Amino acid sequence: MDTTPDELQRIITAAAEATGHLADTTPTERAQWLTRIADALDAAADELVPLAAAETHLPETPRLRGELTRTTFQLRLFAEVLADGEFLAATVDHADPSWPMGPRPDIRRSLVPIGATLVFAASNFPFAFSVAGGDTAAALAAGCPVVLKAHPGHPRLSDRTGEIVRDALTTAGAPAGAFAVIHGVDAGIAALRHPDIAAASFTGSLAGGRALFDIASSRPRPIPFYGELGSVNPVVVMPGAVRVRGQQIVDGFVGSFTLGAGQFCTKPGVLLLPSGHDLTDALAAAVAAVPGQRLLNEHIVNGFRSRVTTLREYPSVIAISAPAIDEDLLAPTLLSVPATDFLAAGEALQAECFGPAALVVEYANPVELEHVLHQLEPGLTATIVAEDTEVDDVRQLLPALTGLAGRLLWNDWPTGVTVSWAQQHGGPYPATTAPTTTSVGTAAIARFLRPIAWQGFPDRLLPPALREANPWRLPRRIDGKRD
C-alpha cells in the first residue's frame, strides 16, 4: 500500500529529529551500523534472493546472489571509509600574523552531514541500487537519516529489506528515525518537496529523473538532486583491432549488451565500427545464439518495444538480427546504420534503448568518427577497442571521449561496475544531474556532506575532527601540509 500523507509526515519528522543525533555520532559508530546491516542481509540471503527473483524475473544464481554480495560488500567498504577518516577533508590553518595577504585568523574546515536524505530506489538492481544499496550506504556513512522511496517493481522485497535494515540499525544503537521505507509516486513527490529533506538521489529513467530534478530545483529552498538517468555508452572499435581480433570483439560486445537482458545503465548501446569491417555475419550469429529473456516489468517491456520499433522503421537502418518483439521472452535486437545517416537522424537514432538492443554505426574515416563522438549525448562510459599500435590515432579522440563520459575503458566492456576507491559512475547530463559526483565507489559519500569553516572558535567548541588534539586520529592538512 502507498504511504499515506500522515504516515509520510511522521517518517520525515522522525528523520529530521534524528539528523542532529546522527551528526553527533562518531565514524566508528556508523561503521558498526553498516557492518551490522551487512551481516544481517547476508544472514537473510536465503529469504531475500527468492523474493527478489519472484518480483523481478532475474535469476537467483549467479545474478541475484552476486548482487546481494555486492550490496553487503559496499556497506562494509563504506565502513572502511569511515575508519580511514579522509572523507571529512579536515583542514587546519593556524593563526598566522605574517601571512602574505595580511594577518590570518585561525580557521578550520571539515565536512558535515547534509541532513535527511531521500533515496529513490532503482528497478534493475533490487539489492545494489535499492533499499540497502549504494546511496543508502553512502548517506548513512555520511551521518544522514535516509527516507527510502521503494521501487514499485519489487515492493515485498523492499519492505522485507527495509525491516532488516531498521532492525540492524536499532540493534546497533542508531537513533529512531535513521531509516524508513515509503511507497507510492505521490509519497515520493511529497517527500521531495518536504522542507525537512535536505538532499535526494535517484537511479532510473531520463524522463522520471528529470521530472524529479525539476521539482528539487524549483523548491522554495532548492536541494541537491543526484540523478543517474540515461546513457548509450558508445564503443569505438579501431580498424587494427578488427583485423587482429574481430571475433573476440563480436563475442565481447554481444555478451555485454545482452547481459541482464540489456537492463544495465552501462549497457553498450552503440558500436562504432569502421566501414568494411566484415563482421556482420559474425555479429548476427552471436546475437542469434543468445536466448530470449524476460524484462523486469511491463512498463520496461512497453518502452523497449516502442523504442525498437522506432529504430527499425528509420529508412536507412538495416537489421543484423531483429526477432519478434511481441514475445514474453525477448531475444536481442541488433541494427546497423551508416554514420552519415546516424548524424543526420539526431535523437531519432541516438536516444537510449533500455533493454536487449544495440545499434552498429559504421564510420568511413577518422574525421567522421570524431564527428559522431562530438554529436553523441554524454553518458556514463565510453570504450575504446584498439591495438597498441593505434595509440596515436586514439590520442586524437581523447578530447571528444573525455567530454563524453565519466569512465573511459581501454579494451574492456562497461557492464560490471566494480565498487572501489577509484571508481567513477557518473557523467555529464543526461547521464547524471551532477557530473562532479559518483554514485558508485567510496567517493559517493561526498554527495551527502557539506563543508563548514570554523573561524576563531575555542577548541572545546570545535567538532572532534578539527580539535587541536585530533581525538579521532584523522589524516588532516595542517597549515598547508599533510599531517
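Quick note: residue numbers are just sequence positions, from 1. No experiment lies behind these values; they were computed from the predicted model shown.
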Can you confirm whether the side chains of Thr415 and Thr266 place a donor and an acceptor under 3.5 Å from each other?
no
If I compare all heavy atoms of Pro268 with all of Val235, which pair ends up nearest, and what's the gap?
CB-CG2, 3.6 Å
Who are the salt bridge (Lys or Arg N to Asp or Glu O under 4.0 Å) partners of Glu163, not counting sequence neighbours?
Arg160
Which residues pass the salt bridge (Lys or Arg N to Asp or Glu O under 4.0 Å) test with Arg76, not counting sequence neighbours?
Asp39, Asp42
Is the backbone of Gly406 close enough, under 3.5 Å, to the side chain of Gln424 for a donor and an acceptor to pair up by distance?
no
Validation: residues 269-290 side-chain donor-acceptor distances under 3.5 Å, sequence neighbours left out:
unit_1: Ser275; atom_1: OG; unit_2: Tyr363; atom_2: O; d: 3.0
unit_1: His277; atom_1: ND1; unit_2: Leu279; atom_2: N; d: 2.9
unit_1: His277; atom_1: NE2; unit_2: Glu362; atom_2: OE2; d: 2.8

Please lay out, stage by stage, how His183 and Asp159 fare under the test side chain to side chain donor-acceptor pair (under 3.5 Å).
CA-CA 9 Å; His183 292 269; Asp159 277 338; 2.7 Å; yes
Which pairs pass salt bridge (Lys or Arg N to Asp or Glu O under 4.0 Å) with one or both residues in residues 129-158, sequence neighbours excluded?
Glu55-Arg156, Asp135-Arg447
Gap separating the CG atom of Leu397 from the CG atom of Leu408, nearest 0.5 angstrom:
11.0 Å
Residue set satisfying side chain to side chain donor-acceptor pair (under 3.5 Å) with Thr383, at least two apart, ordered chain then number -> none
Taken in chain and number order and not counting sequence neighbours, the residues that satisfy side chain to side chain donor-acceptor pair (under 3.5 Å) with Asn411 are Arg245
Does the Arg307 side chain pair with the main chain of Ala351, one donor and one acceptor, at a distance under 3.5 Å?
yes
Take atom CG of Asp326 as the centre, draw a 6.0 Å sphere, and report whether it contains more than 12 heavy atoms from other residues, nucleotides or ligands.
yes
Interatomic spacing from OG1 in Thr442 to CD in Glu86 - rounded to 0.5 Å
9.5 Å
Can you sort out the partners of Arg395 under salt bridge (Lys or Arg N to Asp or Glu O under 4.0 Å), two or more places apart, ordered by chain and number?
Asp392
Sequence-distant partners of Thr161, side chain to side chain donor-acceptor pair (under 3.5 Å), two or more places apart:
none
Is it true that a side-chain atom of Lys267 and a backbone atom of Gly260 form a donor plus acceptor pair closer than 3.5 Å?
no
Strictly distance-based, threshold 3.5 Å: is any side-chain N or O of Arg305 a donor or acceptor partner for the main-chain N or O of Ile325?
yes
Contacts of type side chain to side chain donor-acceptor pair (under 3.5 Å), residue His299, not counting sequence neighbours
none
Asn124 (side chain) donor-acceptor with Gln263 (main chain) under 3.5 angstrom
yes
Just by distance, do the side chain of Asn233 and the backbone of Cys265 share a donor-acceptor pair under 3.5 Å?
yes
Taking only residues at least two apart or on different chains, which pairs with a member in residues 126-171 satisfy ring pair (Phe, Tyr, Trp, His ring centres under 6.0 Å)?
Phe125-Phe129, His151-His154
Using a 3.5 Å distance criterion without hydrogens, assess whether the side chain of Thr258 forms a donor-acceptor pair with backbone atoms of Val254.
yes
Can you give the donor-acceptor pairs under 3.5 Å from side chains of residues 429-441 to other protein atoms, not counting sequence neighbours?
unit_1: Tyr429; atom_1: OH; unit_2: Arg210; atom_2: NH1; d: 3.1
unit_1: Thr432; atom_1: OG1; unit_2: Gly427; atom_2: N; d: 3.4
unit_1: Thr432; atom_1: OG1; unit_2: Gly427; atom_2: O; d: 2.4
unit_1: Thr433; atom_1: OG1; unit_2: Phe225; atom_2: O; d: 2.6
unit_1: Thr433; atom_1: OG1; unit_2: Gly227; atom_2: N; d: 2.8
unit_1: Thr437; atom_1: OG1; unit_2: Ala434; atom_2: O; d: 2.8
unit_1: Thr438; atom_1: OG1; unit_2: His425; atom_2: N; d: 2.7
unit_1: Thr438; atom_1: OG1; unit_2: Val440; atom_2: N; d: 3.2
unit_1: Thr438; atom_1: OG1; unit_2: Val440; atom_2: O; d: 2.7
unit_1: Ser439; atom_1: OG; unit_2: Glu228; atom_2: OE1; d: 3.3

Approximate separation, where rounding is to 0.5 Å, of Asp251 CG and Gln248 CD:
8.0 Å
Assess whether side-chain contact (heavy atoms from CB on, under 4.5 Å) is satisfied between Leu343 and His371, documenting all intermediate values.
CA-CA 8 Å; Leu343 289 166; His371 284 166; 4.1 Å; yes
Does Arg30 have any salt bridge (Lys or Arg N to Asp or Glu O under 4.0 Å) partners at least two apart in sequence or in another chain, and if so, which?
none
Which heavy-atom pair separates Phe253 from Ala358 by the least distance, and what is that distance?
CZ-CB, 3.7 Å
So, the side chain of Glu387 versus the backbone of Ala241: is there a donor-acceptor pair under 3.5 Å, distance only?
no
I'd like to know whether Leu192 forms a side-chain contact (heavy atoms from CB on, under 4.5 Å) with Ile223, so could you lay out the CA-CA distance, the side-chain angles of the two residues, the decisive distance to 0.1 Å, and finally the verdict.
CA-CA 9 Å; Leu192 185 59; Ile223 59 172; 4.1 Å; yes
Keeping the roles fixed (side chain from Glu370, backbone from Val367), state whether a donor-acceptor pair exists under 3.5 Å.
no
Side chain of Ser205, backbone of Gly208: donor and acceptor closer than 3.5 Å?
yes
